[in-house]
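A, B, ... follow the sequence lines: proteins, then strands. Residue 1 opens every chain.
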2 protein chains.
Amino acid sequence: MPGHRSTPYAILGLLRMAPMSGYEIRKELASDTEYFWSESYGQIYPALHELKAHGWARRRTAHAEGGRGRQTYAITAKGREALDRWLREPPRSSPPRNELLLKLFLADREFLDPPEIWIRQLLVDEAERLRKLRRLQDQLPRGKHRHPNLRFWLFSLEHVERQSEAAVAWCQKTLAALALLQQAQTRRRAAAHRRHLFE
Amino acid sequence: MPGHRSTPYAILGLLRMAPMSGYEIRKELASDTEYFWSESYGQIYPALHELKAHGWARRRTAHAEGGRGRQTYAITAKGREALDRWLREPPRSSPPRNELLLKLFLADREFLDPPEIWIRQLLVDEAERLRKLRRLQDQLPRGKHRHPNLRFWLFSLEHVERQSEAAVAWCQKTLAALALLQQAQTRRRAAAHRRHLFE
DNA sequence: TACACCATGTAAAATGTTACATGATTAG
DNA sequence: CTAATCATGTAACATTTTACATGGTGTA
């Protein structure tokens, strides 16, 4: 497994919890880890083939001859070793890319309305995310979920929660600041209009 | 300019502030926007050629015949229009990918030391980032920098600042929780050791 | 029967980083 | 003279998304 790509390891990590199909992996990633990790089918299926080719996972074809049925993958001993090695390496952080902040940075004076709409939208989204997150945090400990390391999962969710809270607070403060700027702009324009009328 | 790639527009945005060379663009992106945006040379130079091909930027070859000298790019009227259109579109957000949180999620019970080291490191990094950020926020308003929209730049920096603060708080809380877990683990192991001795 | 969802996969395009090649200019 | 920095660029590789193709299974 060359390169320092994390996709195969993310999948391997899920397989260590339980044998799974590509479709199920997708679902897990779209629910349990949606706040900090995701993969598309275009990544998952090729990665599963690689894992099999490396002997890190075993494939079992459930019912139906000819290979079209459901394919379940299980981690192997070699796979466990590889996963352990990877888990011990320090996590890599990706270069920051936040298009909203870039657009704010590049925006022109007098360009107030679009940012206001985006930030309002972000506020709605983050508030909704926080609600879902807190519901999940509540359900997790008492729920049907038996994650091998619930405690660490909760650490991860708490990180996301704090990021979301910070985003909400920023939105509120920035919307207030924008409202003041808009008032000033409106007054300036009205004054210009009056000057125009009486000239 | 096909696709919804933001690189050419980020560059165009810088060119609207002042004509610049590829090298200078790199430097701006590595200082002014380092906290929320960056580009590598491998992106910048091809993008500049595309901008020129689209008539969104004009190139002037400074001194030296033969094309090897410094190449300065300036935005054109068409470029301004394109940038304006792009700036009005809502920002796209990228799917979340945080390898630290993924590793925590995948970690095994009893696997306490590596996460502790990573989080300690993150705490150091975020604290340093906060210091630099706050120094920048202080210098910006009174400094030599005459950004066309200082106010919005500060909004962006404030977003990063709040994210950093949230990260620092999470690190501290999580380190404390980990320390408790480690103590419990040590006690468990000592007990096992005593059982072993007296058996 | 039709619709929703289960399920696997590929190809192409888009996107991005890294390493390298090349040479000029400037400060000590 | 030498090292650092200025400066432009390309090729190879790595990564990721998107769109498409294909068909099964359960249920109203």
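- Applying the side chain to side chain donor-acceptor pair (under 3.5 Å) test to B:Glu34 and every residue at least two apart in sequence or in another chain returns nothing.
- When distances run from any side-chain atom of B:Gln71 to the nucleotides C:dT10, D:dT8, D:dT15, the shortest one goes to D:dT8.
- When rounded to the nearest whole Å, the span between CD1 of A:Ile44 and C1' of C:dA7 equals 12 Å.
- In this structure, the CZ atom of B:Arg70 is 16 Å from the C1' atom of C:dG23, given to the nearest Å.
- Checking D:dT15, D:dT10, C:dT15 against the side-chain heavy atoms of B:Arg5 singles out C:dT15 as nearest.
- One finds no salt bridge joining A:Lys132 and A:Glu128 here, because no Lys/Arg side-chain nitrogen approaches an Asp/Glu carboxylate oxygen to under 4.0 Å.
- Between B:Leu48 and B:Pro95, the residue anchored closer to the 5' end of DNA chain D is B:Leu48, taking for each the nucleotide with the nearest heavy atom.
- Residues satisfying the salt bridge (charged side-chain N to carboxylate O under 4.0 Å, His left out) criterion with B:Glu126, sequence neighbours excluded, are B:Arg129.
- Between the CD atom of A:Glu50 and the C1' atom of C:dT10 there is a distance of 14 Å, rounded to whole Å.
- Distance from the side chain of A:Tyr73 is smallest to C:dG9 among C:dG9, D:dT16, C:dT15.
- Remark: C1' of C:dT18 and CZ of A:Arg92 are 13 Å apart, rounded to the nearest angstrom.
- Within the structure, salt bridge (Lys or Arg N to Asp or Glu O under 4.0 Å) pairs that include any residue of residues 74-88 of chain A comprise A:Arg16-A:Asp84 (at least two apart or interchain).
- The OH-C1' distance, from A:Tyr45 to C:dA11, rounds to 17 Å in whole Å.
- Atom CD in B:Glu39 sits roughly 17 Å away from atom P in C:dA14 (whole-Å rounding).
- Atom OH in A:Tyr41 sits roughly 18 Å away from atom P in D:dA21 (whole-Å rounding).
- In this structure, A:Arg97 is not positioned above the aromatic face of B:Phe36 in the sense of NZ or CZ being under 6.0 Å from the six-membered ring centre and within 45° of the axis.
- Considering only residues two or more places apart in sequence or on other chains, B:Ala184 meets the side-chain contact (heavy atoms from CB on, under 4.5 Å) condition with B:Arg187, B:Arg188.
- Here B:His147 and A:Phe105 bring their ring centres to under 6.0 angstrom of each other.
- Under 4.0 angstrom from either OP1 or OP2 of D:dC6 there lies at least one side-chain N or O belonging to B:Lys27.
- Put simply, B:Ser40 has no side-chain N or O that comes within less than 4.0 Å of OP1 or OP2 on C:dG16.
- Within the nucleic acid shown, B:Arg26 has no heavy atom closer than 4.0 Å to any nucleic acid atom.
- Between B:Thr7 and the phosphate of C:dT15, there is no side-chain N or O to OP1/OP2 separation shorter than 4.0 Å.
- Applying the 4.0 Å criterion to OP1 and OP2 of C:dG16, one finds that A:Arg97 has a side-chain N or O inside that range.
- A heavy atom lying under 4.0 Å from DNA chain D marks the following residues of residues 17-24 of chain B, by number: B:Ser21, B:Gly22, B:Tyr23.
- Between A:Gln43 and D:dT16 there is a side-chain N or O to OP1 or OP2 distance below 4.0 Å.
- Note: CG (A:Leu29) to C1' (D:dT17) measures 15 Å, nearest angstrom.
- In terms of the side-chain contact (heavy atoms from CB on, under 4.5 Å) criterion, A:Ala53 has no residue partners (sequence neighbours excluded).
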